[in-house]
Amino acid sequence: MTDNLSNALNQNWEDKNILVVEDVDTNKIFFDAALRRTKAKIYWAKDGQEAINMFKENHIDLVLMDLQLPVMDGYTATREIKKINADVPIIAQTAHVMSGEREKCLEAGCNDYLAKPIRLQILIDTLSKYLND
(Lines give C-alpha, C1' and ligand atoms only; values in the text may rest on other atoms or scores of the structure.)
Protein backbone atom coordinates (compact mmCIF):
# COMPACT_ATOMS: atom_id res chain seq x y z
CA MET A 1 0.00 0.00 0.00
CA THR A 2 2.79 2.44 0.87
CA ASP A 3 4.51 1.77 -2.47
CA ASN A 4 1.26 2.39 -4.34
CA LEU A 5 0.72 5.66 -2.50
CA SER A 6 4.32 6.72 -3.08
CA ASN A 7 3.99 5.96 -6.81
CA ALA A 8 0.69 7.81 -6.95
CA LEU A 9 2.18 10.87 -5.33
CA ASN A 10 5.00 10.95 -7.85
CA GLN A 11 2.70 11.81 -10.76
CA ASN A 12 4.10 14.60 -12.89
CA TRP A 13 1.27 16.63 -14.36
CA GLU A 14 3.16 19.91 -14.77
CA ASP A 15 1.64 20.28 -18.25
CA LYS A 16 -1.92 19.74 -16.93
CA ASN A 17 -4.50 22.27 -15.74
CA ILE A 18 -7.04 21.09 -13.18
CA LEU A 19 -10.11 23.10 -12.21
CA VAL A 20 -11.24 22.29 -8.67
CA VAL A 21 -14.77 23.47 -7.95
CA GLU A 22 -15.19 23.47 -4.18
CA ASP A 23 -16.82 25.87 -1.71
CA VAL A 24 -15.59 24.33 1.56
CA ASP A 25 -12.21 25.60 2.78
CA THR A 26 -11.16 22.35 4.49
CA ASN A 27 -11.74 20.45 1.24
CA LYS A 28 -9.70 23.07 -0.65
CA ILE A 29 -6.83 22.47 1.78
CA PHE A 30 -7.05 18.71 1.15
CA PHE A 31 -7.00 19.10 -2.66
CA ASP A 32 -4.20 21.64 -2.50
CA ALA A 33 -2.06 19.30 -0.38
CA ALA A 34 -3.01 16.24 -2.46
CA LEU A 35 -2.25 17.85 -5.82
CA ARG A 36 0.75 20.05 -4.97
CA ARG A 37 3.35 17.32 -5.61
CA THR A 38 1.89 16.54 -9.03
CA LYS A 39 2.98 20.00 -10.28
CA ALA A 40 -0.37 20.44 -12.06
CA LYS A 41 -1.64 24.01 -12.33
CA ILE A 42 -4.71 24.26 -10.12
CA TYR A 43 -7.56 26.67 -10.73
CA TRP A 44 -10.14 27.21 -7.99
CA ALA A 45 -13.83 28.05 -8.31
CA LYS A 46 -16.23 28.34 -5.37
CA ASP A 47 -19.49 27.92 -7.28
CA GLY A 48 -20.83 26.56 -10.55
CA GLN A 49 -21.04 29.91 -12.33
CA GLU A 50 -17.45 30.77 -11.44
CA ALA A 51 -16.41 27.31 -12.69
CA ILE A 52 -18.01 27.94 -16.09
CA ASN A 53 -16.34 31.35 -16.36
CA MET A 54 -12.91 29.93 -15.43
CA PHE A 55 -13.39 27.05 -17.86
CA LYS A 56 -14.11 29.49 -20.69
CA GLU A 57 -11.05 31.63 -19.84
CA ASN A 58 -8.46 28.85 -19.43
CA HIS A 59 -7.37 25.61 -21.05
CA ILE A 60 -8.57 23.01 -18.53
CA ASP A 61 -7.59 19.33 -18.80
CA LEU A 62 -9.83 18.01 -16.01
CA VAL A 63 -12.51 19.30 -13.65
CA LEU A 64 -13.07 18.09 -10.08
CA MET A 65 -16.68 19.17 -9.51
CA ASP A 66 -18.37 19.44 -6.14
CA LEU A 67 -22.10 18.96 -6.64
CA GLN A 68 -23.53 20.92 -3.73
CA LEU A 69 -22.53 24.51 -4.50
CA PRO A 70 -23.91 28.00 -3.99
CA VAL A 71 -25.13 30.12 -6.95
CA MET A 72 -25.21 27.18 -9.41
CA ASP A 73 -25.00 23.50 -8.46
CA GLY A 74 -22.42 21.12 -9.88
CA TYR A 75 -24.93 19.21 -12.02
CA THR A 76 -25.89 22.37 -13.93
CA ALA A 77 -22.29 23.55 -14.18
CA THR A 78 -21.25 20.12 -15.52
CA ARG A 79 -23.91 20.24 -18.24
CA GLU A 80 -22.82 23.77 -19.24
CA ILE A 81 -19.11 22.87 -19.33
CA LYS A 82 -19.85 19.77 -21.43
CA LYS A 83 -21.65 22.04 -23.94
CA ILE A 84 -18.39 24.02 -24.27
CA ASN A 85 -16.14 20.93 -24.45
CA ALA A 86 -17.79 17.51 -24.42
CA ASP A 87 -14.39 15.78 -24.16
CA VAL A 88 -13.11 17.32 -20.92
CA PRO A 89 -13.20 14.78 -18.07
CA ILE A 90 -15.35 15.93 -15.15
CA ILE A 91 -15.09 14.01 -11.90
CA ALA A 92 -17.92 14.56 -9.44
CA GLN A 93 -17.10 14.78 -5.76
CA THR A 94 -19.87 14.67 -3.22
CA ALA A 95 -20.65 13.75 0.35
CA HIS A 96 -24.09 12.57 -0.79
CA VAL A 97 -23.61 8.87 -1.37
CA MET A 98 -27.23 7.80 -1.38
CA SER A 99 -28.58 5.37 -3.90
CA GLY A 100 -28.84 6.81 -7.39
CA GLU A 101 -26.33 9.62 -6.83
CA ARG A 102 -23.68 8.08 -9.06
CA GLU A 103 -26.21 7.62 -11.87
CA LYS A 104 -27.39 11.22 -11.46
CA CYS A 105 -23.76 12.40 -11.79
CA LEU A 106 -23.20 10.35 -14.93
CA GLU A 107 -26.48 11.55 -16.45
CA ALA A 108 -25.35 15.16 -15.91
CA GLY A 109 -22.21 14.38 -17.92
CA CYS A 110 -19.66 13.51 -15.26
CA ASN A 111 -17.10 10.91 -16.34
CA ASP A 112 -16.44 9.60 -12.84
CA TYR A 113 -17.48 9.97 -9.22
CA LEU A 114 -15.66 10.29 -5.90
CA ALA A 115 -17.46 9.96 -2.56
CA LYS A 116 -16.33 12.22 0.28
CA PRO A 117 -14.35 11.86 2.37
CA ILE A 118 -11.98 11.24 -0.51
CA ARG A 119 -8.95 9.06 0.13
CA LEU A 120 -5.71 10.33 -1.38
CA GLN A 121 -4.90 7.07 -3.18
CA ILE A 122 -8.35 6.92 -4.79
CA LEU A 123 -8.13 10.58 -5.84
CA ILE A 124 -4.75 10.16 -7.54
CA ASP A 125 -5.73 6.83 -9.14
CA THR A 126 -8.91 8.37 -10.54
CA LEU A 127 -7.15 11.45 -11.90
CA SER A 128 -4.45 9.22 -13.42
CA LYS A 129 -7.07 7.45 -15.55
CA TYR A 130 -7.81 10.75 -17.29
CA LEU A 131 -4.54 12.68 -17.12
CA ASN A 132 -1.95 10.05 -17.99
CA ASP A 133 -2.06 9.92 -21.78
Nearest 0.5 Å, what's the CH2-CD1 distance between Trp44 and Ile18? 9.5 Å
Determine whether Pro89 and Asp112 make a side-chain contact, defined as any pair of heavy atoms from C-beta on separated by less than 4.5 Å. no
Ile122 side chain near Leu114 side chain, heavy-atom distance below 4.5 Å: yes
How long is the straight-line distance from NZ of Lys56 back to CD1 of Ile81, given to the nearest 0.5 Å? 10.0 Å
Should Phe30 and Leu35 be regarded as members of a common hydrophobic cluster, given that ILVMFWY residues are connected when their side-chain heavy atoms come within less than 4.5 Å of each other, either directly or indirectly? yes
Reference residue Trp13; test side chain to side chain donor-acceptor pair (under 3.5 Å); the match among Asp61, Asn132, Thr38: Asn132
Return the set of residues passing salt bridge (charged side-chain N to carboxylate O under 4.0 Å, His left out) with Asp73 (not counting sequence neighbours), or none when no residue passes. none
Of all heavy-atom pairs linking Ala92 and Cys110, the shortest is CB-SG, 3.7 Å
The test is side chain to side chain contact (heavy atoms under 4.5 Å, CB included); show your working for Leu64 and Leu123 and say whether it passes. CA-CA 10 Å; Leu64 267 170; Leu123 172 66; 4.1 Å; yes
Under a 4.5 Å side-chain heavy-atom rule over Ile, Leu, Val, Met, Phe, Trp and Tyr, are Ile42 and Ile118 clustered together? yes
Please report the closest heavy-atom contact between Ala108 and Thr78, naming both atoms and the distance. O-CG2, 3.4 Å
Is any side-chain heavy atom of Gln93 closer than 4.5 Å to a side-chain heavy atom of Phe31? yes
Step by step, would you call Asp125 with Lys129 a salt bridge (Lys or Arg N to Asp or Glu O under 4.0 Å)? CA-CA 7 Å; Asp125 287 349; Lys129 286 196 294 191; over 6 Å; no
Tyr75 side, atom OH; Gln68 side, atom CD - distance, nearest 0.5 Å: 6.0 Å
Going by heavy atoms in the side chains, are Tyr43 and Asn17 under 4.5 Å from each other? yes
Any non-hydrogen side-chain atom of Asn85 less than 4.5 Å from a side-chain atom of Ile60? no
One should read off an interatomic distance between Asp32 CG and Glu22 CD, to the nearest 0.5 angstrom, of 12.5 Å
Could you pull out the closest heavy-atom pair between Ala34 and Leu120, with the gap in Å? CB-CD1, 3.4 Å
Please round to the nearest 0.5 Å and tell me the distance separating atom CG of Leu131 and atom NZ of Lys16. 6.0 Å
When every non-hydrogen atom of Met72 is compared with those of Gln49, the smallest separation belongs to CE-OE1, 3.2 Å
Salt-bridged, Glu80 to Lys83, with N to O below 4.0 Å? yes
Among Val88, Ile91, Asn111, whose side-chain contact (heavy atoms from CB on, under 4.5 Å) with Leu62 holds? Ile91
Inter-residue atom distance Ile124.CD1 - Arg37.CZ, 0.5 Å rounding: 9.5 Å
Lys46 atom NZ: more than 12 heavy-atom contacts under 6.0 Å: no
How far apart are the closest heavy atoms of Met65 and Ile90, and which atoms are they? CB-CG2, 3.8 Å
Test Ile52 against every option in Ile84, Val21, Thr76 by the side-chain contact (heavy atoms from CB on, under 4.5 Å) rule and name the one that passes. Ile84
Student check: side-chain heavy atoms of Thr94 and Tyr113 closer than 4.5 Å: yes
What heavy-atom pair brings Asp23 and Pro70 nearest, and what distance separates the two atoms? OD2-CD, 3.4 Å
